[in-house]
Amino acid sequence: MSDAVLGTRIALVGNPNSGKTSLFNALTGARQKVANYPGVTVERKEGVVQTPAGRRVSVLDLPGTYSLRARSPDEAVTRDVVLGRLAGETSPEILVCVADATNLRLVLRLALELKSVGRPMVLALNMYDIAERQGIRIDLDGLAQALDIPVVTTVAVRKRGLDMLLSQVDMLAAGNTDASLAWHEPSAEEIRAAHREAERIMRSYVKPPLRPDTWTGRLDSVLLHPVAGTLILMAILFLMFQAVFTWATPLMDMIDAGFAWLGQMVSLYVPAGLLQSFLADGLIAGVGSVLVFLPQILILFFFIILLEDFGYMARAAFLMDRLMGVAGLHGRAFIPLLSSFACAIPGIMSARVIDNKRDRLTTILVAPLTTCSARIPVYTLIIAAFIPNRLVGGFANLQGLVMFGLYAAGIGSALIVAFVIRKLLWRSASEPFLIELPAYKVPDPKNVARGVLLRGQIFLKRAGTIIASMMVLIWFLSSFPGAPENATQPAIDYSFAGMLGHLIHPLLAPIGFTWQMAIALIPGMAAREVAVGALGTVYAVGGEVEGTLATTLAHQWPLATALSFLAWYVFAPQCLSTLAVVKRETGGWLWPSVMFAYMLTLAYAASFAVFHIASLLGW
Amino acid sequence: MRLSDLGKGDRGLIRGIVPAGHDGPGEIGHDEMERRLLEMGFVEGARFHVLHEGLVGRDPIAIRLDDIRVALRRRDARAILIERDATP
Ligand SMILES: Nc1nc2c(ncn2[C@@H]2O[C@H](COP(=O)(O)OP(=O)(O)OP(=O)(O)O)[C@@H](O)[C@H]2O)c(=O)[nH]1
Ligand SMILES: [Mg+2]
């Protein structure tokens with residue numbers, strides 16, 4: 001549908017973390033990401049809402065900004081949308097300036113700047129629940145008069161005040177819109193003058209809180225404490241990976257048992273032959289071996305979303321700033337790296353908040369080294385097969401410890417590579433590090449549940465689409481052509497997969513990989529988890545499964561091979577979608593190629609070293 | 001006095017923004033630095049309170065600036081002229 005049909009378009013503009021996306025979701029029913037740190041939204045998103053007057057209005061959610069003078073790519077999106085500079089798009093007819101009602105000073109200055117754009121505007125004082133709880137008294141009429149725009153109050157997360165906001169939009173839409181846009185980049189003096197004006201308005205119409213939030217200060221004195229804070233950050237990450245292991249195991253065992261039962265049913269009721277093999281070896285063994293990891297993924301996301309909603313991410317940026325500085329980045333870059341725990345793609349996108357081009361590129365190049373959730377199945381499978389499940393030092397689970405080590409290896413190598421890039425490619429000047437630390441909020445159970453379920457859905461969808469279709473392909477390749485009459489080897493050796501595996505195997509033999517692993521790596525480019533499913537299918541078709549896939553591997557691979565495989569997955573660029581996003585974000589094939597080459601080199605070198613050292617040790 | 005000279009617990013008023021080595025090659029330049037700081041609220045007359053310091057080299061610092069909390073590096077805090085309250 002074209003915008004012309006919709007008529008009015010409104011844009012949500014405001015300081016970072018003021019609740020624009022929450023408001024967007026409340027208005028349009030969308031489920032865009034909301035979290036308690038500045039710089040969550042980095043793209044323009046569009047949705048539709050019906051106003052009380054029956055007008056269908058298209059709503060634009062935009063990245064937060066302190067000014068239209070965009071400094072980073074995310075802020076440039078906001079500027080270009082508001083000023084109608086995007087190709088094929090006119091500027092939105094109405095601006096909704098979204099303000100955090102507990103924190104008005106900066107946004108009042110922004111509102112004055114936005115007014116100079118020359119579009120009708122309404123000011124939405126969001127988070128009004130918190131303002132009321134703190135006893136901040138705002139003279140709404142006075143504020144509206146002083147700014148000469150309508151002012152409404154909203155509580156985006158409770159969907160309060162939406163009708164008022166929309167009826168203001170109706171009224172503005174009915175009025176005349178002045179088509180000329182008059183914004184110019186304010187000079188330092190103009191910014192100062194606007195500040196003075198904002199300050200005057202603040203003093204006249206906003207009374208400071210009667211019950212200011214004291215929790216944030218109290219929590220910060222522990223969480224930002226130079227020693228305690230750093231230890232707590234480590235402890236949180238450590239706990240997260242312990243939990244990913246220990247909490248998930250019972251659920252995983254249940255899912256595993258479920259698929260084993262399904263497999264048995266198939267072999268009982270489906271006559272032996274191609275169909276049985278397709279169902280049992282292709283679909284159930286393949287997809288099942290990936291689906292088992294759903295609980296772990298949900299637990300990991302549960303932790304990440306809790307931290308994000310609580311307001312901890314900006315604190316992590318503060319605590320990590322110095323360490324990131326060694327690698328030439330600043331603390332802000334830690335947030336994209338932490339987001340990459342979920343998936344490198346949002347991590348790479350969120351690098352848009354970094355102003356300096358080179359710092360941003362460095363962050364993008366190293367983001368895929370942090371351990372994304374698609375690696376969890378691979379890591380868990382190998383750890384479960386080769387690392388004994390016992391306690392170390394009385395409290396730490398050894399398997400969880402190895403997992404933590406792999407995550408640390410990911411972050412550590414990201415920092416080292418960033419350092420090397422800086423030394424080899426460019427020495428960029430250091431960028432100012434300025435970040436607002438938001439007030440802590442008690443995570444909203446609904447938002448957390450929604451976020452976790454959404455991730456679960458995404459994972460299931462991947463399992464049902466990319467992963468399942470890869471499994472079908474792998475099953476086909478490993479079942480055809482069948483073995484000749486006088487076969488001396490297992491049938492799989494004569495199949496396409498067997499031929500392919502044996503063909504590539506010489507390349508991978510120096511790092512200790514078997515030919516079955518060689519088969520798993522290629523479809524593993526579509527999604528890392530596929531490697532696990534592929535191993536499941538290849539061993540199932542080969543008839544070599546003894547119990548679970550993990551026990552099979554434990555019998556078939558030497559420890560050195562397993563460790564080499566882990567090392568490979570720490571570094572290898574096993575994800576086409578990541579490369580595609582890097583191409584989009586950097587505008588060409590140069591940087592994705594550089595990324596692919598350096599990661600492949602690192603993966604091969606690391607696996608080679610690990611395999612040979614482990615073999616020397618007799619593992 | 002500059003914000004970069006202060007330690008945890010110090011309070012005072014912002015007095016102005018001065019050039020402080022952001023003019024090197026590839027850096028953002030003083031004019032841009034000044035505007036960024038102003039937009040974040042480092043404006044003459046704003047009150048601040050240094051809340052926290054980092055572990056290594058007491059860097060970065062977290063300050064309360066009027067109603068908001070901001071983290072920044074000492075290197076960038078050098079651009080901010082301040083007047084410290086007399087310690088009681
Ligand atoms: N109590 C309360 N919390 C809110 C309200 N609106 C938003 N929040 C919370 O404020 C935080 C920020 O919300 P977002 O919607 O992500 O803010 P944003 O403006 O889109 O942020 P950026 O995309 O980073 O610019 C989240 O933790 C929300 O749950 C509100 O009206 N009341
Ligand atoms: Mg947002």
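For the numbers below, each heavy atom of this structure counts, side chains included, while hydrogens, waters and symmetry mates do not. We name chains A, B, ... by the order of the sequence lines, and we start the count at 1 in each one. Worth saying up front: this structure is predicted, and the values here are computed from it rather than measured.
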Practice task
Go through the atoms of B:Glu53 and report whether side chain, backbone, both or neither lie under 4.5 Å from a heavy atom of chain A.
Solution key: backbone
Problem - Closest-packed option against chain B by number of heavy-atom pairs under 4.5 Å, given A:Glu113, A:Glu185, A:Glu199 - result: A:Glu185
Practice task
Using heavy atoms and a sub-4.5 Å threshold, report which of residues 3-13 of chain B line up against chain A, by residue number.
Solution key: none
Problem - Atom group of A:Pro208 that falls short of 4.5 Å from chain B, counting heavy atoms - result: neither
Handout entry: Side chain / backbone / both / neither for B:Arg64 at chain A, heavy atoms under 4.5 Å
Key = neither
Practice task
Identify which of B:Arg36, B:Met40, B:Met33, B:Glu34 forms the greatest number of heavy-atom pairs closer than 4.5 Å to chain A.
Solution key: B:Arg36
Handout entry: Among A:Glu436, A:Glu75, A:Arg71, A:Arg109, the one residue meeting side chain to side chain donor-acceptor pair (under 3.5 Å) with A:Tyr66
Key = A:Glu436
Problem - Six-ring centre of A:Phe310, A:Arg315 cation under 6.0 angstrom, axis tolerance 45° - result: no
Handout entry: Interchain contact, B:Leu65 with chain A, by part (heavy-atom threshold 4.5 Å)
Key = neither
Problem - Under 4.5 Å from a heavy atom of chain B, the part of A:Leu224 involved - result: both
Practice task
Counting only heavy atoms closer than 4.5 Å, note whether B:Val56 contacts chain A via side chain, backbone, both or neither.
Solution key: both
Problem - chain B contact via A:Arg69 - which portion, at a heavy-atom distance below 4.5 Å - result: side chain
Handout entry: Toward chain A, the part of B:Asp76 with a non-hydrogen atom under 4.5 Å
Key = side chain
Fill in the blank from the handout: Comparing A:Leu104, A:Leu110, A:Asp355 against chain B, the one with the most heavy-atom pairs below 4.5 Å turns out to be A:Asp355
Fill in the blank from the handout: Turns out that what part of A:Leu106 lies under 4.5 Å from chain B's heavy atoms comes down to side chain
Problem - Top contributor to chain B interface from A:Gly331, A:Ser221, A:Ala314, A:Gly229 [non-hydrogen pairs under 4.5 Å] - result: A:Ser221
Practice task
Taking atom NZ of A:Lys357 as the centre, report whether more than 12 heavy atoms of other residues, nucleotides or ligands fall under 6.0 Å from it.
Solution key: no
Handout entry: Atom group of A:Met202 that falls short of 4.5 Å from chain B, counting heavy atoms
Key = side chain
